[in-house]
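The chains referred to below are lettered A, B, ... by the order of the sequence lines, with proteins before strands, and numbering in each begins at 1. Predicted model, so just to flag it, every value in this text is computed and none were measured.
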Amino acid sequence: MRLGELLQFFVIGRDHNMYLEIFDTIQRALSAAAGIPNPILTDGGTHADFATAVAFERAKQLHRSPVQIAEEIAASLREDRSIQGIRIETKGPYINFHTGAGFLKSSVESALQPGYGTLPMKEGRVVLEHTSANPNGPLHVGHIRNTILGDTLSRLFRKAGHRVEVQYYVNDMGRQIAIVAWGFLHLDGARKDGEKGDHHVARVYIAGNRELEKDPGIVAEIDLLMQQVERGDPTTAVLFRNAVTECLEGFKVTLGRLSVRHDRFVWESDFVRNGDTERLLNRVRRMEECHEDGRLWLDLSKEGFEKEYILRRSDGTSVYAARDLAYHIWKGRNFDHMIDVLGADHKLIGAQLKATLKLMGEKAPEIVHFEFVSLPEGSMSTRAGKFVSADELIDEVSRRAYEEVTSRRDDLDEGAKQEIARSVAIAAIRYDIVKISPEKSTVFNWKEALDFERQSGPYIQYAHARACSILSKAGEFDPEFEFTMESEIALAKHIAKFPYVIRIAVRDLKPHLVATYARELADLFNVFYQFEPVLKSTGITRQSRLTLVKATKNTLAETLGTLGIDALVTM
RNA sequence: GGGCUUGUGGCUUAGCCAGGAUAGAGCGCCGGGCUUCUAACCCGGAUGUCGAGGGUUCGAAUCCCUCCAGGCCCGCCA
């Protein structure tokens with residue numbers, strides 16, 4: 001980054017990127033010319049760099065021909081000095097914008113810089129909560145949809161200039177944990193040799209549930225454990241904490257394998273122990289929506305919720321909802337913006353939480369919900385032991401990746417092959433999950449999970465490795481920006497778009513837009529690679545193509561980084 | 001029963017929120033391309049009543065209504 005840009009970056013603090021500059025400038029000019037507040041400016045596709053259909057909108061308001069109005073808007077745009085140098089043409093009712101060679105040059109130039117696509121620093125801090133699975137068994141293929149969505153979002157927010165803290169909310173005092181604790185007390189559940197903590201806990205949990213089914217009288221014993229832990233009984237507290245810690249240690253290993261890191265693990269029980277939950281309930285008591293009849297609950301019918309929102313049981317213990325409220329109040333006071341990634345099963349409770357926080361005058365989180373992942377034979381259940389664990393998935397995909405690497409690159413030494421296989425496996429898993437819109441429910445499929453072809457993470461890694469290979473063979477070169485072939489221009493244009501994709505993906509909380517972008521970029525590079533020889537070309541063509549390869553490599557690396565996938569140099 | 005959500009070629013899916021220029025991909029299928037920068041690649045072809053029906057509009061995959069099908073929720077669980 002040059003000094004001038006650097007100054008603009010910090011002093012003015014606005015998006016200094018070429019694409020975003022031009023996009024915003026055209027949009028402003030269009031708004032003025034068309035008399036529409038936020039005119040839709042789309043990608044021009046094959047027709048142009050940018051395009052708009054606002055003439056239709058105006059035509060409707062003015063009851064006149066859209067073609068004529070397009071002409072008028074275009075004429076007025078051509079007068080606008082802020083968009084000088086941009087060619088404006090109409091095609092019937094559509095207005096097309098052509099930016100010219102300077103645009104591509106400076107876009108590719110900025111793509112050569114490390115950190116390309118990073119947006120200017122934003123004020124405030126974001127707290128992002130994801131995964132937060134109950135510590136009663138290993139993470140499974142459903143949980144990691146949450147994990148990967150959340151982790152990609154956190155990377156996306158950082159890329160967009162936000163300061164982010166990622167939290168895992170540990171549900172350490174629920175009924176499930178009480179069942180695990182009961183199992184540790186009454187069942188022979190010693191940890192097996194080499195067994196991961198989370199898998200061990202699952203075994204105890206499943207066994208505990210089996211006992212519970214045989215003898216419903218155990219419920220009373222479990223209730224007692226829950227009351228004891230809420231009261232702060234030290235022996236029970238240690239029992240719970242040990243079980244949860246063991247499970248969590250296993251989670252951390254799995255998360256680490258997926259390149260996911262949480263900044264902080266926040267324990268639910270802390271909000272009981274430190275009095276926050278009690279204080280919260282006292283505040284709730286003063287609300288007009290509050291009812292107390294042994295239980296303590298809120299009537300949120302005015303907010304559109306039929307069901308009573310219960311916050312304390314008649315035996316005096318708090319429920320999850322109350323502790324979650326306390327947690328969010330704490331987050332709201334320490335951060336400027338809260339984001340939660342939660343399963344679709346939390347939609348109702350999430351909406352109730354938000355409504356209650358608003359009634360209390362506290363900040364409410366933005367919640368990203370994702371739909372369920374099921375198995376071909378039905379929904380997953382930790383309790384019934386019906387799930388494909390994340391560890392099992394990673395192991396299988398890694399094994400398959402190792403096979404693939406070995407068959408392609410037997411020249412590499414063992415360590416390198418394993419390293420690549422590991423990265424490829426994580427790429428395949430993360431990409432498979434993040435490429436699908438969160439609102440689609442899916443069925444887990446081994447065949448697809450083990451496929452590394454197009455529209456996969458490894459496909460994108462491969463494009464990056466090919467670019468690296470060219471660059472390492474090319475040696476030093478001076479950048480040039482003469483792009484004339486169709487595949488060169490298409491590639492350069494797509495590179496230019498990256499910061500815009502980051503902006504929109506963050507704005508709409510849609511990580512899958514980055515996945516789509518990465519795939520398109522790899523597609524365009526592969527076509528370019530196929531048709532335009534780089535190393536065998538000469539002169540300015542060679543320099544320009546090398547420049548384009550370097551910009552692509554860099555953009556792919558930044559994109560992969562945002563997706564939490566290793567940008568492999570060779571594979 | 002009520003609420004939320006999804007339905008796009010054989011399969012998986014983008015586009016839907018902010019309606020517009022021939023609905024875009026991948027897998028699979030058919031046919032091509034490695035003495036040339038890594039073929040985890042590329043090119044060409046076939047395959048679509050955008051769940052069904054109505055409505056709004058100059059224009060609907062996209063907005064509205066009804067219906068059908070799948071998923072999720074409706075607990076003093078989390």
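One P atom belongs to rU12(B), the other to rG28(B), and the distance between them is 15 Å to the nearest Å. Annotation: rU6(B) and rU13(B) have their C1' atoms spaced 13 Å apart (nearest Å). Distance noted for atom C1' between rC34(B) and rC43(B): 14 Å (whole Å). Here, rC27(B) and rC73(B) have their C1' atoms 34 Å apart, quoted to the whole Å. rC4(B) and rC63(B) have their P atoms separated by 15 Å, with the value rounded to a whole Å. Nucleotides rC11(B) and rC41(B) are separated by 24 Å at their P atoms, to the nearest Å. Straight-line distance between the C1' atoms of rU49(B) and rG32(B): roughly 33 Å, to the nearest whole Å. Straight-line distance between the C1' atoms of rC30(B) and rG70(B): roughly 33 Å, to the nearest whole Å.
Annotation: the span from Leu300(A) atom CG to Glu289(A) atom CD amounts to 7.0 Å, rounded to 0.5 Å.
For Arg503(A) and Asp24(A), the salt-bridge test passes: some basic side-chain N is under 4.0 Å from an acidic carboxylate O. A salt bridge between Glu72(A) and Arg64(A) is present, with a side-chain N of the basic residue lying under 4.0 Å from a carboxylate O of the acidic one.
Within 4.0 Å of Ile436(A), counting heavy atoms only, lie sugar-phosphate atoms of the nucleic acid but no base atom. Within 4.0 Å of Leu348(A), counting heavy atoms only, lie sugar-phosphate atoms of the nucleic acid but no base atom. Counting any heavy atom pair closer than 4.0 Å across all strands shown, Ser374(A) reaches no nucleic acid atom. Val569(A) comes within 4.0 angstrom of a nucleotide base, judged by non-hydrogen atoms across all strands. Across all strands shown, Ala465(A) has heavy atoms under 4.0 Å from base atoms, whether or not it also approaches the sugar-phosphate. Glu532(A) comes within 4.0 angstrom of a nucleotide base, judged by non-hydrogen atoms across all strands. When heavy atoms are screened at a 4.0 angstrom cut-off, Val534(A) is found touching base atoms of the nucleic acid. Within 4.0 Å (heavy atoms only), Ala51(A) reaches at least one base atom of the nucleic acid. Residue Val405(A) is classed as a base contact, given a heavy-atom separation below 4.0 Å to a base.
Residue Asp523(A) contributes atom CG, which lies 11 Å from atom C1' of rC41(B) at whole-angstrom precision. Per the geometry, CD belonging to Glu453(A) stands 14 Å off C1' belonging to rC29(B), to the nearest Å. Whole-Å rounding puts the Tyr529(A) OH to rC43(B) P distance at 14 Å. Separating the CZ atom of Phe56(A) from the P atom of rA21(B) is a distance of 9 Å, rounded to the nearest angstrom. The distance from atom CD of Gln61(A) to atom C1' of rC58(B) is 15 Å, rounded to the nearest whole Å. Rounded to an integer number of Å, the gap from Phe528(A) CZ to rC41(B) C1' is 15 Å. Residue Asp345(A) contributes atom CG, which lies 13 Å from atom C1' of rC74(B) at whole-angstrom precision. Distance Ile40(A) CD1 to rC63(B) P: 14 Å, rounded to the nearest Å.
Base-pair partner of rC4(B): rG71(B) (Watson-Crick or G-U wobble, both distances under 3.5 Å). Nucleotide rU22(B): unpaired (no Watson-Crick or G-U wobble partner with both distances less than 3.5 Å). With both pairing distances under 3.5 Å, rG44(B) is matched to rC30(B) as a Watson-Crick or G-U wobble pair. The pairing partner recorded for rU62(B) is none, the criterion being a Watson-Crick or G-U wobble arrangement whose two distances lie under 3.5 angstrom. Taking a pair to require two hydrogen-bonding distances under 3.5 Å in either a Watson-Crick or a G-U wobble arrangement, rG9(B) remains unpaired.
Between the side chain of Ser314(A) and the base of rC76(B), a donor-acceptor pair under 3.5 Å is found. Applying the 3.5 Å distance criterion, the base of rA21(B) shares a donor-acceptor pair with the side chain of Asn96(A).
Ring to ring, His494(A) and Tyr517(A) are close: their centroids are under 6.0 angstrom apart. Between Tyr459(A) and Phe452(A), the ring center distance fails the sub-6.0 Å criterion.
At the phosphate of rA78(B), neither OP1 nor OP2 sits under 4.0 Å from any side-chain N or O atom of Tyr169(A). Side-chain N/O atoms of His63(A) include none lying less than 4.0 angstrom from OP1 or OP2 on rU57(B). Taking 4.0 angstrom as the limit, Arg507(A) places none of its side-chain polar atoms (N or O) nearer than this to OP1 or OP2 of rC17(B). At rA14(B), none of the side-chain N or O atoms of Lys435(A) fall inside 4.0 Å of OP1 or OP2 (strictly under the cut-off). Proximity of Tyr459(A) to the phosphate of rC42(B): a side-chain N or O atom is located under 4.0 Å from OP1 or OP2. For the OP1/OP2 pair of rG75(B) and a distance below 4.0 Å, the side-chain nitrogens and oxygens of Arg175(A) include no atom meeting the criterion. Note on Ser441(A): every side-chain N or O is 4.0 Å or more away from OP1 and OP2 of rG70(B). Distances shorter than 4.0 Å separate some side-chain N or O of Arg454(A) from OP1 or OP2 on rG26(B).
Comparing Arg519(A) and Thr516(A) against RNA chain B, the residue whose closest nucleotide sits nearer the 5' end is Thr516(A). Both His47(A) and Lys60(A) sit near RNA chain B, but only His47(A) has its closest nucleotide nearer the 5' end.
Of the candidate nucleotides rA21(B), rC17(B), rC77(B), rC17(B) has the atom nearest to the side chain of Asp508(A).
In this structure a side-chain-to-backbone donor-acceptor pair under 3.5 Å is missing from Asn136(A) to Val201(A).
His512(A) and Pro438(A) get closest at one heavy-atom pair: ND1-CD, 4.3 Å. What you find for Ile36(A) and Ser31(A) is that their closest heavy atoms are O-OG, 2.7 Å.
A cation-pi contact links Arg466(A) to Tyr529(A), judged by a cut-off of 6.0 Å to the six-membered ring centre and 45° from its axis.
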